[in-house]
There are 2 protein chains.
Amino acid sequence: MSPPLRLTRAAAKARTRELLLASAAQVFAEQGYAGGSVDEIAARAGYTIGALYSHFSGKDELFLTLFDDRVAGHLRAIEEIVEHCGVDDDAAFAAFGDYLTTVADSRSGWSGLESEFLRYALTRAELLAKVTERRESARDAIARLISRRAPSWADAQITATAIIALFEGLLMQRRVNPASVPPVVFAGALRRLLAQATS
Amino acid sequence: MSPPLRLTRAAAKARTRELLLASAAQVFAEQGYAGGSVDEIAARAGYTIGALYSHFSGKDELFLTLFDDRVAGHLRAIEEIVEHCGVDDDAAFAAFGDYLTTVADSRSGWSGLESEFLRYALTRAELLAKVTERRESARDAIARLISRRAPSWADAQITATAIIALFEGLLMQRRVNPASVPPVVFAGALRRLLAQATS
DNA sequence: GTCTATACAAAGATAGAC
DNA sequence: GTCTATCTTTGTATAGAC
């Protein structure tokens, strides 16, 4: 009946979970999905694999959970930029250029990880379905944001698809060679991709 | 002194090498770099790993050799399209759109493989250097093709970087869900990215 | 040059004790 | 809930016979 000294059981469990997730994010970012081992993930969080498996069904679930977080984070960041910049397109494009480099250069940056996991999921039907569903919902969220610039919803979706592909490709290239992808690459490409048809 | 009945020793060796490479291309395309095993590559070509290792130093060399072929193939295809379409931009953009889907849908399509290998190479300095060198040379080849549309060489390089990122990203997405990436996605994006600044 | 056999190392996952 | 120990599989690479 009295409150526990520090943490309730549930809170302690949640904390372990968070520690494991944070560790997984780091390990995956550094070594990729195939390259990162659940063993190291657990160890870096201060646990053993046994503990990890009592919180997650396996490597896949670990990754998918992080994947959801990432996508949500990207969408939040995008909305923030759009809100903050209002109708000033140039400011927004510049902010997106900076966002790309910030993500790519951060220690927990996921450059190339989405593609690697997609490639891995290609031969695993249920996994692929899950990831595809998430990606389509993210694409549509972006399409909604740019729909007023597009002549149709289908066109907005197409543009969103291109923007996502571009973002992922540049993220990877920036990681490989930062100098070859200054913020202006993404900013400039966005400006062109989103230019109003003036014909 | 007399010509051999069927194959010279050198030709036989070259043939084995080609068989192994073709098999590797297939296996990597189907199962990715991490997912594909040298064992299966050898077996599918009709050999054992022992034979494979007498032709290649290992998995990396196998992949890098194929990677060079791919890049050269892409560059040839690009030049052909540019030559064939002359100054008709719309025809060229449409042809590039079709090229993307052809590559993505082909049995030996390498969707996502470049990224996967890049991600893998990130933690292997010598490998990364090799791949980066090849990628930069390819980027510059593309930049030369579009340099007359760009205000400067640096700008041409930037645009080429964006185009490559876009191509790789769309290739992957097309593989995951073909319906979400019709040819027009790449064609339209190219048109916008390469639009002459009219300001 | 190719094959058989094997060395060697990891990784993912599970069982059962505490 | 966490740990220790282990199972099981798999993969790269090498050695030596033919």
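None of these values were measured; they are calculated from a predicted model. In what follows, every chain begins at residue 1, and chains take the letters A, B, ... in the order their sequences are listed.
- For the side-chain hydrogen bond (donor to acceptor under 3.5 Å, both in side chains) condition, no pair includes a residue of residues 158-167 of chain A, sequence neighbours left out.
- Scanning residues 53-62 of chain B for heavy-atom distances under 4.0 Å to DNA chain D yields B/Y53, B/G58, B/K59.
- In this structure, CZ of B/R124 is placed 12 Å from P of D/dT12, rounded to the nearest angstrom.
- Contacts between residues 21-44 of chain A and DNA chain D, defined by a heavy-atom separation below 4.0 Å, involve no residue at all.
- A/Y99 meets the ring-ring contact (aromatic ring centres under 6.0 Å, His included) test with A/H74; sequence neighbours excluded.
- Residue pairs meeting the side-chain hydrogen bond (donor to acceptor under 3.5 Å, both in side chains) criterion with at least one member in residues 79-88 of chain A: none, sequence neighbours excluded.
- The salt bridge (charged side-chain N to carboxylate O under 4.0 Å, His left out) search around B/D68 returns B/R134, not counting sequence neighbours.
- Taking only side-chain nitrogens and oxygens, B/T16 comes nearer than 4.0 Å to OP1 or OP2 of C/dT2.
- Considering only residues two or more places apart in sequence or on other chains, B/R119 meets the salt bridge (charged side-chain N to carboxylate O under 4.0 Å, His left out) condition with none of them.
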What N/O pairs connect the protein and nucleotides 3-7 of chain D at under 3.5 Å? Give each pair on its own line.
{"unit_1": "D/dC3", "atom_1": "OP2", "unit_2": "A/T48", "atom_2": "N", "d": "2.9"}
{"unit_1": "D/dC3", "atom_1": "OP2", "unit_2": "A/T48", "atom_2": "OG1", "d": "2.9"}

Taking only distance into account, with no hydrogens and no angle test, what donor-acceptor pairs under 3.5 Å do side-chain atoms of residues 48-58 of chain A form with protein atoms, sequence neighbours excluded?
{"unit_1": "A/S54", "atom_1": "OG", "unit_2": "A/A51", "atom_2": "O", "d": "2.9"}
{"unit_1": "A/S57", "atom_1": "OG", "unit_2": "A/E61", "atom_2": "OE1", "d": "2.8"}

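- Taking A/E168 as the reference, A/E114, A/R135, A/I164 meet the side-chain contact (heavy atoms from CB on, under 4.5 Å) condition, with sequence neighbours excluded.
- Listed by first and then second residue, the side-chain hydrogen bond (donor to acceptor under 3.5 Å, both in side chains) pairs that reach into residues 10-29 of chain A are A/T16-A/Y47, A/Q26-A/R44, sequence neighbours excluded.
- Under the 3.5 Å distance criterion, the side-chain polar atoms of A/E116 are matched with a main-chain donor or acceptor of A/A34.
- Judged as a side-chain contact (heavy atoms from CB on, under 4.5 Å), and not counting sequence neighbours, the contacts of A/A160 are A/R139, A/I142, A/A143, A/I146.
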